[in-house]
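See below for the structure under consideration.
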2 protein chains.
Amino acid sequence: MLNYSTSEENHIKAIYHLQKDGSVTTNELAAELKTRPASITDMMKKLRTKKLVHYEAYKGFRLTAEGRKLALIIIRRHRLWEFFLAEKLKFSWEEVHEVAEDLEHVSSKKLIDKLDEYLGFPRFDPHGDPIPDAQGRIETSKQVCLTELPPGKQGIVCYVSDQSSGMLELLGHKKIGMGTRVEIRKRFSYDQSMEIKVKQQITTISGDLARNIFVKYDE
Amino acid sequence: MLNYSTSEENHIKAIYHLQKDGSVTTNELAAELKTRPASITDMMKKLRTKKLVHYEAYKGFRLTAEGRKLALIIIRRHRLWEFFLAEKLKFSWEEVHEVAEDLEHVSSKKLIDKLDEYLGFPRFDPHGDPIPDAQGRIETSKQVCLTELPPGKQGIVCYVSDQSSGMLELLGHKKIGMGTRVEIRKRFSYDQSMEIKVKQQITTISGDLARNIFVKYDE
DNA sequence: AATTAAATTTAGACAAACCTAAAAAAAATA
DNA sequence: TATTTTTTTTAGGTTTGTCTAAATTTAATT
């Protein structure tokens with residue numbers, strides 16, 4: 001595997017994040033990276049010669065297969081470090097991103113694969129974003145607390161933080177378990193309770209319960 | 001605390017390592033960093049304006065108090081990462097240096113202090129070199145296996161890797177404990193046994209025993 | 001469709017960190 | 001001490017990644 005500069009890596013990563021569908025524009029990328037449009041044009045020419053992006057003047061750019069592979073490597077590094085910082089070093093949720101921005105450019109593959117193993121092959125970073133595996137495969141879903149599932153979106157229960165018998169009894173009664181599909185129908189700001197659809201039925205759950213249920217959903 | 005480039009940090013660190021006593025020369029530093037002498041001159045001028053080195057043309061250079069402080073910060077980062085890689089990620093002894101060369105340039109103080117705490121405030125890296133603490137204080141001694149104590153040097157026992165009762169019995173008999181001063185008098189290559197001086201007396205210990213005793217000594 | 005506005009690219013400059021080749025200073029030696 | 005050798009510095013060039021200002025292309029509006 002070739003080696004890329006921090007700046008090249010940051011450009012590739014930014015394109016990956018912006019490129020939801022269709023192509024990314026010069027101004028968008030300049031805004032994202034806090035540089036000037038002229039600098040973006042220069043860099044795109046370079047990344048084109050390195051076959052990391054498809055680029056034609058005035059037509060925007062998209063990652064090549066190679067470019068996407070690199071983006072996933074960088075995102076893997078970033079999210080594994082975020083997990084490490086939060087889980088092992090007890091950084092708070094909001095602090096991990098900035099430090100991971102630096103750590104993600106240390107490029108030893110062996111380091112990252114061993115870190116992954118040490119952390120127990122986590123699937124989601126502290127923000128709920130999926131972590132690509134060593135082969136660059138990534139889940140399309142994001143993991144969030146049920147309280148943050150966008151209303152109308154289908155979520156799949158994947159984790160419950162409180163494993164007490166009281167919690168399990170309640171979950172059993174509501175017919176909620178690992179893999180159950182849920183969807184938020186209505187939220188009440190007064191007490192954070194919500195009406196959700198579970199197995200074709202509507203039930204109400206408390207904010208306390210919702211805060212302990214985590215779901216995956218596609219963005 | 002200001003921020004320095006990777007290249008500046010590497011120069012500062014190299015000067016620290018070469019500057020045993022007296023000043024460091026242009027050629028020495030160029031050899032150490034695998035650059036050309038002309039490049040060293042350029043960098044020394046820059047580091048002088050930043051008040052990190054004392055430098056006068058043709059007279060070599062030494063770190064200022066400020067420069068030494070920076071060097072110790074970089075060495076602290078390097079050795080803590082080495083410890084992490086060996087202890088937690090199970091990298092081998094010889095592999096840790098190269099990866100730590102990259103990690104040492106990630107400059108978050110909070111990261112390093114939390115890493116230090118997570119690792120249990122280790123005092124020596126996997127090579128036996130002392131790790132500076134958060135205030136930049138560093139022990140002058142190096143920690144090595146008794147088999148590697150230079151003959152004639154005084155060593156102080158600081159760690160015994162095998163804590164079995166058999167080992168403790170033997171150590172008690174030989175009057176060797178934590179803090180005991182030892183000195184190698186003669187080594188026998190045939191079976192790695194050695195004659196050592198302990199409390200004014202000469203005794204013989206086996207290679208097996210020596211391999212489990214660790215000592216600190218000043219270089 | 002013509003004109004104006006916005007986005008993008010080109011052209012030329014700059015700083016950082018390196019380089020080579022030549023000049024100057026210091027050290028070694030005859 | 002005079003001369004040669006070695007070390008160090010200066011002068012000028014290169015690459016990377018950024019910038020500004022001007023030119024060009026594309027998109028929007030009248």
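A note on names: the letters A, B, ... follow the listed sequences, proteins ahead of strands, and every chain is numbered from 1.
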How many Å lie between CG on A:Asn10 and P on D:dT18, as a whole number?
9 Å
Side-chain heavy-atom pair B:Glu8, B:Ile12 within 4.5 angstrom cut-off
no
Which part of the nucleic acid, if any, lies within contact of B:Phe61, taking any heavy atom under 4.0 Å across all strands shown: a base, the sugar-phosphate backbone alone, or nothing?
nothing
What is the distance, rounded to the nearest whole Å, between atom NE2 of B:His11 and atom P of C:dA16?
14 Å
Nearest to side-chain heavy atoms of B:Ala38, which nucleotide of C:dT8, C:dC18, C:dA21:
C:dA21
For a quick test of reading the model: is some side-chain N or O of A:Tyr55 closer than 4.0 Å to OP1 or OP2 of C:dT9?
yes
Let me know the distance between CG of B:Asp42 and P of D:dA11, rounded to the nearest Å.
12 Å
Expressed in angstrom and rounded to an integer, what is the separation of A:Lys45 atom NZ from C:dA11 atom C1'?
10 Å
Can you tell me if A:Arg36 touches the phosphate of D:dT20, counting only side-chain N or O atoms and a distance under 4.0 Å to OP1 or OP2?
yes
So, the side chain of A:Lys142 versus the backbone of A:His127: is there a donor-acceptor pair under 3.5 Å, distance only?
yes
note: B:Leu29, atom CG; D:dT8, atom P; distance rounded to Å ~ 10 Å
Given C:dA7, C:dT9, D:dT9, which nucleotide is nearest the side-chain atoms of A:Pro37?
C:dT9
Nearest whole Å is fine: how far is D:dT24 C1' from A:Lys59 NZ?
15 Å
Taking the side chain from A:Ser193 and the backbone from A:Ile205, do they hold a donor-acceptor pair closer than 3.5 Å?
no
A:Ser7 side chain N/O closer than 4.0 Å to the phosphate oxygens (OP1, OP2) of D:dT18?
yes
Which of D:dT8, C:dT10, D:dT9 is nearest the side chain of A:Thr41? It is C:dT10
For D:dT6, does either OP1 or OP2 sit under 4.0 Å from a side-chain N or O belonging to B:Asn27?
no
Let me know, please, whether A:Met43 or A:Tyr58 comes out on the 5' side of the other along DNA chain D by nearest nucleotide.
A:Met43
Could you check B:Arg76 against B:Asp113 for side-chain contact (heavy atoms from CB on, under 4.5 Å), going step by step and ending with a plain yes or no?
CA-CA 10 Å; B:Arg76 171 169 160 80; B:Asp113 290 348; 2.7 Å; yes
Verify the contact: side-chain N or O of A:Ser39 to OP1 or OP2 of D:dT18, cut-off strictly under 4.0 Å; return yes or no.
no
Rounded to the Å, how far apart are B:Lys50 NZ and C:dA16 P?
8 Å
Cation-pi check, B:Lys45 to B:Tyr55: give yes when NZ or CZ is under 6.0 Å from the six-membered ring centre and within 45° of the ring axis, no otherwise.
no
Whole angstrom value for the distance that separates P of D:dT16 from CG of A:Leu47
12 Å
